[in-house]
Amino acid sequence: KISLPNGNVINRILPVRIHELDIADIKLCESVLGGVMRGVEFVYKSSGVNRPLRPIEEHPHDNINKTYYRDQINKVANSLRDIIQAISYPVQLAQPVISKERVTVPSNQRKLFNKKMLMGILFIIFLLVCISGIYIYKRVRQQNSMEMTLAIIPMTNPPADMDLQNIAIGSMQAIFAKLHEVKSLNVKGEITSLQYLNTKKPNKDLRKELQSNYLVLINIGRSSDKLKMWIGLIDTKNDKELWSHEYDWNDEQLMPLFTNVVQTIAGNLNIEFTSIETINIEKDLTKNPDAYLNYLRASARLLSIMGNRFLDSPSFRSVIKFYDKAIEDDPQFANAYARRAIALSWGVHSGELDSSNIKKCRADINTAARINKDLPDVQVAYGFYYYYCTKDYANALISFKTASMNDPENYKPLFYMAMVYRAMGDWKKTHELLDKVIKFEPKDPLDLTNIGLSFDYMHDYDSALLFHQKAINLKPNWLAAYMNKISSLISKYGNTKEAHTLIDSITLDTPEKIREVQILLDIYDKKYDQALTKAKESDLKDFTPGGLKFIYLGNISSLLNDKLSAKKYFDSALVEFNLELKADPNNYYTHGQLGLAYAGIENKEKAISEGKKAIQLTVTNQNKMKESEMVVILAQIYSMLGLYDEALSRVEYSLRNPSPLSTKLLQIEPVWKPLMKRKEFKTIIVKYDKR
């Protein structure tokens, strides 16, 4: 510790913090410092974001800390000056002897004093030069990193032609694969490019968003009965076209054409290939033109599934059909095997393809690896196989991590790793990876709303709302993001005001039915008669699964003290859910709803048994996120049966850990009303309400 002339005491150690620390880390630092840790913050913090402050911020006003990089640099310099001066010229704590005699300082002490002052000033100047040098170096390195950065944008004319879109996306992938071999180029990933399909944004905006100095534009159009492909290279820094050419689409010449395009692009950028790069660029995925064309069509559809995933089983079968044709034309087509394996695993995971496809998926991966073990798609395929098909999370993480290292510009492997950790219940790792994904500014609505869901379960509702809204902005006619945002609003505020406002916008923007959520909001608003009317007028297909209609009718009738009708509706729910179990005996959600239906007719033994079975199935399925949902269902069953101690223990567990439950939701859902009279319930609310 050092005393300053103004009486303040500072530490010789100057903390410079580039991100928020955990409380445990702060305490550890303070135990060494011997006091409160005070330093200079270089932290950019906004909702869901905690990262180092950058020299130039695009939106500095969004920074909660309201700090600017150069101001913080100045604070560091000033703090260093104070520390150095205090070391060089210590403050004398003893009281000076006041004398009327003039004090004469010996010349040798004056020289020593002047020398120390000079050394102190020189040292401060040295530090400032170093800091400035680091700043300049980072700016230059940032500019250099953009200097050879390139993005590929697919376009079609007309824009709505799906066949042209598939060709454009396939062409983008082919050119990307070859450009990716050029080590001196930083090529933006395929998923990133897909988000700008048929964009109308000006080049300067694309440069800013993509952090790219060059764009390769691919435009596929029709001319009479022929296809035309226009390809251009744009210098976004100067908004200048460097090269462009129009080609007649020729299935027989596609592979050499794409090689020629890549060579032309490199020539315009003054890039010289190494011998290995030349070999890799000229190497084609297949020598068969028909196989190559079917591969491009299939890959375009698969990329759409992976990028948007608003498709159904016919979409998966269409993808697989084209890969089948590509493999039939060229049985040594490694890429086609790997991509078909990815499509199969996704189909199995979504429930659109049955489990018999798992064996075929693994066989495709093995074949692809045998033909070309270094193929990047092999690791991606392995990741999906382990994650979706076998629940081997350790190997899934290894595969996705390898895929991420092979393609660092693609955030998807990081996102899938986060989803694997989420299923494992490792929320710390999930959060860390999602922070990395967020930096890529993803534009896939399903990814964004999944990020929002993760924050919901971590009880960070502000961040959840932000990402659900981002998903809505990108896909305004997609109901799922709206439903997720409504859940976040109720979990955060404990009322339906904001949810009703959002509902009004849904009816305008989406054709899908929203009857279930309208019924739920009426229940929260205690408008039980309105809720009952809407539930009676609804169709089974308005609910997922359909048996939920009778669960709602049973609960509403109970709230209206119509016990006879409630029993009738809960009996109907039992019939529906038992029918569903015949088709899928291990569906954890169906067992959970079956437990609620049994609780509705006061069959305690079967209700608890089904609730516990639902939890056990999620454990067997190794999905901690779904397990947390079923713990809440079991708590509801206990509350309905009057077993309040059991209900309260699971409520507190759910609030203490990531789960879909919040303190505000507890106070608005009627199922928890019997618990409110308990002292323990109030204690739990107070304990967890401040998060």
Side-chain angles (χ1 to χ4, degrees), residues 349 351 355 387-388 390-393 419-427 430 450 453-454 456-459 487 491 543-545 547-548 550-552 554-555 570 573-574 576-663 665-666 669 671-672 674-675 680-681 684 688:
H349 169 68
S355 59
Y387 178 31
Y388 289 153
T390 67
K391 309 299 180 186
D392 184 350
Y393 294 149
M419 296 301 99
V420 173
Y421 277 118
R422 191 174 75 174
M424 293 170 65
D426 190 336
W427 289 90
T430 300
N450 256 296
L453 279 173
S454 298
D456 274 320
Y457 276 67
M458 291 185 278
H459 311 293
S487 296
S491 294
F543 304 85
T544 306
L548 276 175
F550 299 112
I551 293 289
Y552 279 110
N555 285 330
F570 283 126
L574 290 173
E576 286 293 326
F577 287 124
N578 276 310
L579 284 173
E580 290 189 19
L581 282 180
K582 287 183 179 180
D584 187 1
N586 294 321
N587 189 308
Y588 66 89
Y589 186 79
T590 305
H591 281 285
Q593 294 301 315
L594 202 58
L596 290 172
Y598 278 122
I601 63 172
E602 299 179 2
N603 189 328
K604 182 185 295 186
E605 184 179 344
K606 286 190 175 181
I608 295 172
S609 174
E610 290 295 335
K612 288 183 175 180
K613 187 168 186 178
I615 294 174
Q616 184 55 47
L617 285 169
T618 62
V619 173
T620 303
N621 202 37
Q622 301 180 57
N623 195 318
K624 285 286 185 181
M625 183 178 178
K626 301 304 180 185
E627 182 183 339
S628 72
E629 295 175 10
M630 293 304 104
V631 169
V632 174
I633 293 291
L634 183 59
Q636 291 176 340
I637 290 170
Y638 280 131
S639 183
M640 290 173 69
L641 294 172
L643 302 172
Y644 301 135
D645 288 337
E646 288 86 347
L648 281 168
S649 68
R650 284 156 182 83
V651 164
E652 182 166 17
Y653 173 85
S654 297
L655 292 175
R656 187 171 64 249
N657 296 288
S659 79
L661 196 61
S662 78
T663 56
L665 193 59
L666 275 171
E669 278 194 325
V671 71
W672 309 114
L675 303 180
E680 304 96 302
F681 182 84
I684 289 171
Y688 295 101

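Positions are given from 1 along the sequence.
Between E629 and K626 there is a salt bridge, since a side-chain N of the basic residue sits under 4.0 Å from a carboxylate O of the acidic one.
Between S628 and N657 the shortest side-chain heavy-atom distance does not fall below 4.5 Å. Between L666 and V651, the closest side-chain pair of non-hydrogen atoms falls below 4.5 Å. Side-chain atoms of Y393 and D426, non-hydrogen and from C-beta on, never get closer than 4.5 Å to each other. You'll find the side chain of E646 stays beyond 4.5 Å of the side chain of L641, heavy atoms only. Side-chain contact check for M625 versus S454: every heavy-atom pair is 4.5 Å or farther apart. Put simply, the side chain of N555 reaches to within 4.5 Å of the side chain of F570, judged on heavy atoms. Residues H591 and F577 have side chains not in contact (no heavy-atom distance under 4.5 Å, counting atoms from C-beta outward). Here the side chains of E680 and D645 are in contact, with some heavy-atom distance below 4.5 Å.
In this structure, Y457 has no ring pair (Phe, Tyr, Trp, His ring centres under 6.0 Å) partners at least two apart in sequence or on a different chain. For the salt bridge (Lys or Arg N to Asp or Glu O under 4.0 Å) test, no residue two or more places apart in sequence or in another chain qualifies with E669. Applying the salt bridge (Lys or Arg N to Asp or Glu O under 4.0 Å) criterion to E580, with sequence neighbours excluded, gives no partner residue. Among residues two or more places apart in sequence or in another chain, the side chain to side chain donor-acceptor pair (under 3.5 Å) test is passed with R650 by none. With sequence neighbours left out, the salt bridge (Lys or Arg N to Asp or Glu O under 4.0 Å) criterion links K624 to E627. Under the side chain to side chain donor-acceptor pair (under 3.5 Å) criterion, E652 pairs with K687, Y688, not counting sequence neighbours.
Considering every non-hydrogen atom in both W672 and L665, the closest pair reads CD1-O, 4.1 Å.
Within a 6.0 Å radius of NZ in K612, no more than 12 heavy atoms belonging to other residues, nucleotides or ligands are found.
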